[in-house]
Amino acid sequence: MTVTMIDTRQVCAVRKCSTALRPDSPEVVCAACVARLRAGLRTLYRRGRSDRGASMPTLTEEVRFTSERQGRGSKVSIGIVVRSSEPQAPLADQRADTALRDLKTTLVSWLRYLYDRWMPTTAVCLGISDGEGLRRLAHGYQHVPHCAPTIEGMAEYLALRPTWLAETPEAGDLYSMVMDGIDRCWRAIDRRPDRQYAGQCDEPDPDTGAVCGGDVYGWPDRKFARCAACGLTYDAASRREELLNSALALELTAAELSKALPQLMARDSLSVQTIHTWARNGRIVARRRNGRGWPLYSVADVVEVATSTPTRNRRPRHAEEVAAVA
């Protein structure tokens with residue numbers, strides 16, 4: 001006779017978590033999962049601190065900024081997007097907006113469900129007019145959580161009630177849905193670097209002989225750039241060198257130079273303040289002024305100075321940074 005032992009141990013209801021729970025425990029999910037869920041909720045309403053002690057925005061603020069951000073850009077003769085004097089339509093990030101809206105819907109649904117389950121109903125009297133000047137009393141129930149109807153308010157309300165998050169029969173689904181919404185918000189702001197413009201495609205069409213003329217873009221961390229029209233691949237470094245050589249005869253403002261030259265010269269940055277400092281020191285001279293009175297500098301002069309000036313490392317200002325460098 002074969003006896004089959006059935007494992008009746010209760011485990012955490014969260015998927016991919018096999019933590020065993022006590023048989024007499026009212027919790028449905030383990031303490032570690034509840035702690036992770038509460039930590040995720042705190043990122044939605046609690047500001048963090050950087051290494052220097054500066055206040056950091058919440059995850060909700062970061063996603064909201066990404067969703068509502070506005071961009072300006074126009075092509076000038078240097079061949080890449082540098083600046084536009086005319087405001088253009090806002091460039092909203094639909095992915096961030098959708099993630100934020102779906103997370104709010106999830107929090108509202110679960111908050112209503114948990115409040116109705118855990119909070120006792122409160123009878124209230126409602127005055128109703130019957131159209132003849134008389135008022136009848138009707139009994140109803142009030143189910144309104146005492147929190148702001150925002151993502152920050154609802155997240156804080158839930159994070160302060162670990163019993164609701166641990167002992168609700170559907171706590172496993174609650175964990176999965178809320179954490180999935182928070183992860184989508186993180187992915188919405190964790191964007192890869194913007195593509196860099198690498199000129200126009202000069203590949204002739206085999207049938208008509210006309211030049212393609214499509215825009216060529218490449219990622220900063222890749223060696224090749226691709227035409228968006230025909231798909232032809234170019235060497236990114238060679239394309240940057242060609243654009244830089246064609247731009248040496250141009251005269252641009254400090255803002256345009258700080259935007260364009262780091263891409264063409266493979267520099268980390270070239271600030272406007274650095275260009276103005278070179279002008280004050282006499283290393284570069286403004287050739288003329290544009291219609292707005294801004295000084296225009298020769299691209300060739302700025303490239304020559306930038307090439308001969310080594311990039312300086314920032315000096316550590318705090319004890320923690322000094323220890324890290326040491």
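Keep in mind it's a predicted model, so treat the numbers as computed, not measured.
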Which distance, rounded to the nearest 0.5 Å, do you find between the [atom1] of [X] and the [atom2] of [Y]?
X	Y	atom1	atom2	result
L250	L257	CG	CG	9.5 Å
R46	T58	CZ	OG1	12.0 Å
L59	I189	CG	CD1	5.0 Å
T168	Y113	OG1	OH	6.5 Å
M154	S109	CE	OG	9.0 Å
L100	E62	CG	CD	12.0 Å

State, to 0.1 Å, how close [X] and [Y] come at their nearest heavy-atom pair, and which atoms those are.
X	Y	answer
G153	C147	O-CB, 3.9 Å
A96	V63	O-CG1, 3.6 Å
W294	N290	N-OD1, 2.8 Å
P295	R289	CD-NH1, 3.4 Å
V216	A225	CG1-CB, 3.6 Å
A188	T66	O-CG2, 4.0 Å

Test the R161-Y157 pair against the cation-pi criterion, namely NZ or CZ under 6.0 angstrom from the six-membered ring centroid and within 45° of the ring axis.
-> yes
Is there a path from [X] to [Y] through hydrophobic residues (I, L, V, M, F, W, Y) whose side chains come within less than 4.5 Å of each other?
X	Y	answer
L44	L111	yes
W164	I151	yes
W186	M177	yes
W278	V285	no
L248	L243	yes

Identify every side-chain donor-acceptor pair in residues 28-42 under 3.5 Å, counting partners at least two apart or on other chains, and give the distances.
unit_1, atom_1, unit_2, atom_2, d
R36, NE, Y175, OH, 3.4
R38, NE, A159, O, 2.8
R38, NH2, A159, O, 3.1

Can you check side-chain contact (heavy atoms from CB on, under 4.5 Å) on M56 and R47, steps first, answer last?
-> CA-CA 6 Å; M56 302 294 291; R47 288 176 172 266; 5.9 Å; no
Within the structure provided, determine whether [X] and [Y] are in side-chain contact (heavy-atom separation under 4.5 Å).
X	Y	result
D301	V305	no
D215	Q200	yes
Y297	H276	yes
L296	T253	yes

Show your working on salt bridge (charged side-chain N to carboxylate O under 4.0 Å, His left out) between R117 and E170 and close with a plain yes or no.
-> CA-CA 11 Å; R117 177 178 179 84; E170 296 82 4; 5.3 Å; no
Considering residues, nucleotides and ligands other than E61, do more than 12 of their heavy atoms fall under 6.0 Å from its CD?
-> yes
Between S176 (side chain) and D173 (backbone), is there a donor-acceptor pair under 3.5 Å?
-> no
Picking from T106, L107, V108, what satisfies side chain to side chain contact (heavy atoms under 4.5 Å, CB included) with W110?
-> T106
